[in-house]
**Q** 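Mind having a look at this structure? Questions to follow.
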There are 2 protein chains.
Amino acid sequence: MKLTTKGRYAVMAMADLALFKDKGPTSLTDISLRQNISLAYLEQIFIKLKNKNLVKSVRGAKGGYVLEISPEEIKISNIISAVDEEVKTLNCKKESKKGCNNKSSKCITHNLWDQLDQHINNFFEKVKLQDLVKKNQIFNK
Amino acid sequence: MKLTTKGRYAVMAMADLALFKDKGPTSLTDISLRQNISLAYLEQIFIKLKNKNLVKSVRGAKGGYVLEISPEEIKISNIISAVDEEVKTLNCKKESKKGCNNKSSKCITHNLWDQLDQHINNFFEKVKLQDLVKKNQIFNK
DNA sequence: TTTAATTCCTACTATTTTAGTATGATTTAA
DNA sequence: TTAAATCATACTAAAATAGTAGGAATTAAA
């Protein structure tokens with residue numbers, strides 16, 4: 001599955017942004033210090049978050065990033081898919097020779113991975129950024 | 001998350017084994033051909049499956065592997081954890097400096113990953129090997 | 001008794017992905 | 001003018017993944 005520290009960093013950074021959202025633009029330097037993530041790495045991550053319109057940037061001194069939409073509206077799935085390209089576990093389709101395109105026992109496990117994907121995506125769809133910052137207790141929906 | 005082609009191969013191979021379980025030991029050569037997985041790689045995978053008592057081996061000519069227990073009793077989680085060591089996404093605990101051990105905003109995302117793990121594991125706990133071979137339609141439990 | 005088919009064992013290696021560095025340009029508040 | 005910030009791109013180190021390679025041991029069958 002595509003779920004790496006990059007995705008985790010993105011979620012952490014967005015949560016940080018949400019926590020400080022009333023104090024104007026938050027610089028990546030601040031986030032870097034608070035969350036202990038390399039500044040240059042954060043920059044790369046935020047380019048992607050910006051491209052997906054999850055944050056907007058304020059350039060120049062005293063600049064930084066602010067949430068484009070409110071924490072209640074931002075799903076974790078939005079964040080992760082923004083930086084990790086795809087939330088897909090292991091689909092047979094990619095590798096045409098193996099798995100699915102196999103003649104004899106054609107993709108016995110195909111549906112399994114499909115459903116797993118749905119299952120995981122479903123989880124990330126339900127959790128909002130707000131759920132993280134509010135109480136640090138997520139949900140029992 | 002620890003969920004790689006090794007895990008997928010293992011599930012595919014086990015499903016293959018389940019399909020042919022009435023025809024005596026199934027050789028890895030056969031599985032290799034049917035599922036298009038390198039023989040040597042399968043060998044490594046089956047050592048692990050054997051260590052976890054999911055299969056047993058029959059050595060020598062006409063040998064191969066057979067399921068140690070019935071497909072109804074084998075959970076997908078058993079298979080994956082046998083070959084991929086751990087079904088854990090991204091826990092903060094591992095990396096002591098980052099994430100959790102951060103003073104200011106202590107592990108905002110900790111619970112999120114914990115619950116994700118539970119969610120995924122829960123999925124794999126519910127699906128049995130039998131569910132794969134029976135109808136190629138998994139479940140709606 | 002020989003042969004071929006098989007598992008078993010261990011070490012090595014190529015490839016890919018991940019995570020991160022490095023460098024510098026651009027923008028803008030103070 | 002300066003310092004603090006984003007923006008952009010290229011490079012690289014480390015780790016994980018996905019295999020390969022080479023042989024030893026076992027056993028059914030010819």
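Letters A, B, ... are given to chains in the order of the sequence lines, protein chains preceding strands, and every chain is numbered from 1.
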**Q** Would you kindly give the NZ-to-P distance between A:Lys56 and C:dT27, to the nearest whole Å?
**A**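 Distance, rounded to whole Å: 20 Å.
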
**Q** Please lay out, stage by stage, how B:Lys128 and B:Glu72 fare under the test salt bridge (Lys or Arg N to Asp or Glu O under 4.0 Å).
**A** CA-CA 6 Å; B:Lys128 305 293 192 312; B:Glu72 291 88 1; over 6 Å; no

**Q** In whole angstrom, give the distance that lies between atom CG of B:Asn51 and atom C1' of C:dC9.
**A**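 One finds 12 Å between C1' of C:dC9 and CG of B:Asn51, rounded.
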
**Q** Does A:Ile69 share a hydrophobic cluster with A:Val133, counting links as ILVMFWY side-chain heavy atoms below 4.5 Å and allowing steps through other members?
**A**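 Yes, A:Ile69 connects to A:Val133 through the hydrophobic network.
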
**Q** Closest approach to the side chain of A:Ile47, judged atom by atom: which nucleotide of C:dT28, D:dT27, D:dC7 is it?
**A**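 The listed nucleotide nearest to A:Ile47's side chain is D:dC7.
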
**Q** Which whole-number value in Å describes the distance from A:Lys6 NZ to C:dT16 P?
**A**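 Result: 18 Å.
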
**Q** Starting at CG of A:Leu42 and ending at C1' of C:dT21, how long is that distance when rounded to a whole Å?
**A**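 Taking atom C1' of C:dT21 as the reference, CG of A:Leu42 is at 14 Å.
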
**Q** Can you see if the side chain of A:Tyr9 gets near the phosphate of C:dA19 - specifically, an N or O under 4.0 Å from OP1 or OP2?
**A**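 So the side chain of A:Tyr9 is outside the cut-off, no N or O lying under 4.0 Å from OP1 or OP2 of C:dA19.
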
**Q** Please state how far atom OH in B:Tyr41 lies from atom P in C:dT10, giving the value in whole angstrom units.
**A**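 After rounding, the reported distance stands at 18 Å.
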
**Q** In the single-linkage hydrophobic clustering (I, L, V, M, F, W, Y; side-chain heavy atoms under 4.5 Å), do A:Tyr41 and A:Val11 co-cluster?
**A**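 Same hydrophobic cluster.
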
**Q** Can you find a heavy atom in the side chain of B:Tyr65 that is under 4.5 Å from one in the side chain of B:Val58?
**A**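 Sidechains of B:Val58 and B:Tyr65: no contact.
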
**Q** In whole Å, I'd like the distance from the CD atom of B:Glu43 to the C1' atom of D:dA25.
**A**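 Spelled out: CD on B:Glu43 to C1' on D:dA25 is 13 Å.
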
**Q** Is any side-chain N or O of B:Arg59 under 3.5 Å from a base N or O of D:dT26, one able to act as donor and the other as acceptor?
**A**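 For B:Arg59, whose side chain was compared with the base of D:dT26, there is no donor-acceptor pair (under 3.5 Å).
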
**Q** So, is A:Lys62 close to the D:dT6 phosphate, meaning a side-chain N or O under 4.0 Å from OP1 or OP2?
**A**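 So the side chain of A:Lys62 is outside the cut-off, no N or O lying under 4.0 Å from OP1 or OP2 of D:dT6.
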
**Q** Quick one: is D:dC7 close enough that its OP1 or OP2 comes under 4.0 Å of any side-chain N or O from A:Tyr65?
**A**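 Affirmative; the distance criterion is met.
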
**Q** Is a donor on one side and an acceptor on the other found under 3.5 Å between the side chain of B:His119 and the backbone of A:His119?
**A**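 Yes, B:His119 side chain to A:His119 backbone: donor-acceptor pair under 3.5 Å.
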
**Q** At under 4.0 Å, does any side-chain N or O of B:Thr5 touch on OP1 or OP2 of D:dT17?
**A**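 So the side-chain polar atoms of B:Thr5 never come under 4.0 Å of the phosphate oxygens OP1 or OP2 of D:dT17.
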
**Q** What's the CZ-P distance between A:Phe46 and D:dA8, to the nearest Å?
**A**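 Answer to the nearest Å: 15 Å.
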
**Q** Is the shortest side-chain N/O distance from B:Ser57 to OP1 or OP2 of C:dC8 below 4.0 Å?
**A**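 Answer is yes, contact under 4.0 Å.
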
**Q** Go nucleotide by nucleotide along DNA chain C from the 5' end; which of B:Ser27 and B:Gln44 gets its closest nucleotide reached first?
**A**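 The residue closer to the strand's 5' end, by nearest nucleotide, is B:Ser27.
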
**Q** Determine: side-chain N/O of A:Ser38 to OP1/OP2 of C:dT21, distance under 4.0 Å, yes or no.
**A**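 Yes, within the criterion.
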
**Q** Could you state the CG-P distance from A:Leu39 to C:dA19, rounded to the nearest angstrom?
**A**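 Whole-Å distance recorded here is 18 Å.
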
